[in-house]
Amino acid sequence: MAWLRVVDALKAPAGSRVTVKGWLRTRRDSKADGGLSFLAVHDGSCFDPIQVVARAGLPNYASEVARLTTHCAVECSGEVVPSQGKKGGVEIAADEVRVLGSVEDPDSYPIQPKPHSFEYLREVAHLRVRTNTFGAVARVRHCLAMAIHRFFHERGFYYVHTPIITASDCEGAGQMFRVSTLDMLHCPRTPDGKGVDFAGDFFGKEAHLTVSGQLNVETYCMALSRVYTFGPTFRAENSNTSRHLAEFWMIEPEIAFADLAADAALAEEMLKFLFRTLLAERADDMAFFDERIEKGVVARLQGIIEKPFLRVPYTEGVRVLEEAIAKGKKFEFPVEWGKDLQSEHERFLTEEHYRQPVILTNYPKGIKAFYMRLDDLDAMEACARDGRAAPASLHKAPPGQRQTVSAMDVLVPGIGEIIGGSQREERLERLDARIDEMNLPKHEYWWYRDLRRYGTVPHAGFGLGFERLILFCTGMQNIRDVIPFPRAPKQAEF
RNA sequence: GCCCCGAUAGCUCAAUGGCAGAGCGAGCGGCUGUUAACCGCUAGGUUCUAGGUUCGACCCCUAGUCGGGGCGCCA
C-alpha cells in the first residue's frame, strides 16, 4: 500500500489504497453505523488534514483508536473514498490504524484542541509548530526563502556566503555580540591595564557576530556583478518591539553598474515576485491567514502586485508631513528636514497619505551611513529641477547642510520600513571624506577602500528583513511568531 | 534603554481585606457521518518569588523575576 503525504492523499482518486503517517489534530466519535471515529490527520505537507474514518470493528478500536487525543502519532491505511460529510472531498476508510506514539497525559499536554494565545505558544515553541497557525507560518517561510533564491538565480545573481563572524569593527550598523574564547573571569589586560588584551584571543583581535553582510558582499559584486547574501544577522541592541529580533535573517543583493533607480526597481520587482509566488504556491495557508489572522491580507498582496510603487524623495515626504501637520495632524515627534523620520511619520505616509508601498529616496547626508553615495544636487536644487515645492524646514537649513545621499527606504503599510538600501559611494576621495567626517577608523576599512582604488564602478544594494517580509505577507503581528526559535532580550530558550 | 499593563486550574479569565470560581480543554457516560459539534457528571489550585502590613492577604506595601503593549534604536 502506497505511503502518501497528506497533500497527495487528498488528491488521490477514489478507490486507491493508501497509507498516511502523521499526527492527530482532533478525534470526533459517532455511534452511528455501529460506532466510528473521525480522525483528522496532518503531516505538515499542506494546511488541511485528511479525515480518516475508523470503524468500531477495527481490532484495536476500543483499546487504542477511541482513546486517541490531539497530537498522537498514527499510521493509517485504507481506501480513499468520497466523504459522506457535509464538507465533501475525500477521506480514508481505514482498515488499519497503528498508534506510533501516544500523548502521555492529555490533560496537561500544552497544546489542546482550542484557541491558544500566541504569547502562551511562545513558551512552548518546541510544540507550537503543530498548530494550524505555526504550521502555516513555517510553510510560508520556506516558500518565501525558496522564492528568494529562485528570483536571484533566474536573474543571474550569485549566492555568496558572507561570514557570520567578523573581526573588523567597522560594520557600524548597530550593537554587536562579541565572539571570544577568553576566560571571562581572568581576562588578559592591555599594558596600560585599562582594557582587555584581545591579542591572545582566538582571532588575535576583537571579533563579533555580523550585523550585515553588505561590506563583504560588495567585494564579490566587484567581480561577479550581481550577487546576494541570505543569512543570519545579529544585533545586540536592547530592542523590545514586535518588529525586532536579536537574531534575524536578511537578504542583501548588490548590483554593479547600477544606480539608485536600478536598486529601487530591483527591490520592487523582487517584492512583487515574492508575493506572486506566495499566493500561487501557498494558497491554502494564505486563505487561512486571510480568514483567521488578518482579513484582507490576500487582497492587499494582490493589489500591491498590480500597481507600481511610488518613488518619493525624502524632501517631498517632509513637505507632505508638514502639510498634514498644518491641517491638524498630530505627531508625537516633530518633523524637520535633516532629521530622521520616526515610525509614526513613515506609517502616516504609507498607510494614510499614499495608502500603498512607497520608496522614499535621497535622505539627508547627516542621518545616513558613510558608504552611501553623495548626490550631485542638494535638496533645494533637486526640488527646483523637479518643479517641487520645498518644505518650510528645508528653507531654514543652512545651504551647506542640504546635501543628500542616494539612499532609499521601502515603506509598506502595517510594517513601516521593510527594506533599506542605497547606491554606494564608489569615489575614493568622497568615501574618505565621509569616513573622516564621521571619525571612523580609516585603517579598518582598508580592504573596503581598495575596491575604490582598483576598478571601481557605480553599484548599489539593499537589505530586506526576512521576518518583516513574513509579517507583511501573513498579517502576523509579532516578529517572534514568524521565526522558529526567536532570540530577543532575555529570550533564548529552546 | 524609557513609559504603561499583567502573572490565580492544562489554557483564557473572574473573585477589590473575610469559604478561590466560570468557560474552554481533559476523564467518564449519553446523543449524533462528525467538522471550532451538542447534553450530563467528575477530577483538577504552593493564587510568580522573597519579605512586610493585618486578627485575617489572590486582594494593600517593598524588592525581584518573567510576560505583553507602546516608544526609542533598526531590517
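All of these numbers come straight from a predicted model, not from anything done at the bench. A, B, ... follow the sequence lines: proteins, then strands. Residue 1 opens every chain. Only heavy atoms go into these numbers, but all of them, side chains included; no hydrogens, no water, no symmetry mates.
Scored by the ring-ring contact (aromatic ring centres under 6.0 Å, His included) test, A:Y61 finds no partners at all (sequence neighbours excluded). Under the ring-ring contact (aromatic ring centres under 6.0 Å, His included) criterion, A:F151 pairs with A:F273, not counting sequence neighbours. Taking A:F47 as the reference, A:F288 meet the ring-ring contact (aromatic ring centres under 6.0 Å, His included) condition, with sequence neighbours excluded. Applying the ring-ring contact (aromatic ring centres under 6.0 Å, His included) rule to A:Y159 yields the partners A:H149, A:H161, A:Y228; only residues at least two apart in sequence or on another chain are considered.
A:Q477 contributes no side-chain N or O that forms a donor-acceptor pair with the base of B:G68 under 3.5 Å. Interface remark: the A:S239 side chain does not form any donor-acceptor pair with the B:C74 base, using a distance-only criterion of under 3.5 Å.
A centroid separation of 6.0 Å or more is found between the aromatic rings of A:F230 and A:F152.
Residue pairs meeting the side-chain hydrogen bond (donor to acceptor under 3.5 Å, both in side chains) criterion with at least one member in residues 285-297 of chain A, sequence neighbours excluded: A:R139-A:D285, A:R282-A:D285, A:E294-A:R300. Judged as a ring-ring contact (aromatic ring centres under 6.0 Å, His included), the pairs with a partner in residues 115-138 of chain A (not counting sequence neighbours) are, in order, A:H116-A:Y120, A:F118-A:F134, A:H126-A:F494. The list of ring-ring contact (aromatic ring centres under 6.0 Å, His included) pairs with a residue in residues 65-101 of chain A, not counting sequence neighbours, reads A:H71-A:Y109.
Against RNA chain B, the stretch residues 334-362 of chain A makes heavy-atom approaches under 4.0 Å through A:Q342, A:S343. At a non-hydrogen distance threshold of 4.0 Å, A:H116, A:S117, A:E119, A:Y120, A:R122 from residues 116-131 of chain A come into contact with RNA chain B.
Stem analysis of RNA chain B (at least three stacked-register Watson-Crick or G-U pairs, each with both distances under 3.5 Å) gives B:1-7 with B:65-71, B:10-13 with B:21-24, B:26-30 with B:38-42, B:48-52 with B:60-64.
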Can you give each donor-acceptor pair under 3.5 Å made by side-chain atoms of residues 15-23 of chain A, sequence neighbours left out, with the distance rounded to 0.1 Å?
from: A:S16; atom 1: OG; to: A:P13; atom 2: O; distance (Å): 2.4
from: A:R17; atom 1: NH2; to: A:D95; atom 2: OD2; distance (Å): 2.5
from: A:T19; atom 1: OG1; to: A:S77; atom 2: OG; distance (Å): 2.8

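Within the model, atoms CG of A:L39 and SG of A:C72 stand 10.0 Å from one another, a figure rounded to the nearest 0.5 Å.
Separation of the C1' atoms belonging to B:G56 and B:U49 is 22 Å when rounded to the nearest angstrom.
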Check: protein-nucleotides 23-32 of chain B nitrogen or oxygen pairs below 3.5 Å:
from: B:C24; atom 1: O2; to: A:K114; atom 2: NZ; distance (Å): 3.3
from: B:G25; atom 1: O2'; to: A:Q112; atom 2: OE1; distance (Å): 3.2
from: B:G25; atom 1: N2; to: A:D107; atom 2: OD1; distance (Å): 2.2
from: B:U32; atom 1: N3; to: A:D29; atom 2: O; distance (Å): 2.9
from: B:U32; atom 1: O4; to: A:D29; atom 2: O; distance (Å): 3.2
from: B:U32; atom 1: O4; to: A:S30; atom 2: N; distance (Å): 3.4
from: B:U32; atom 1: O4; to: A:K31; atom 2: N; distance (Å): 3.0

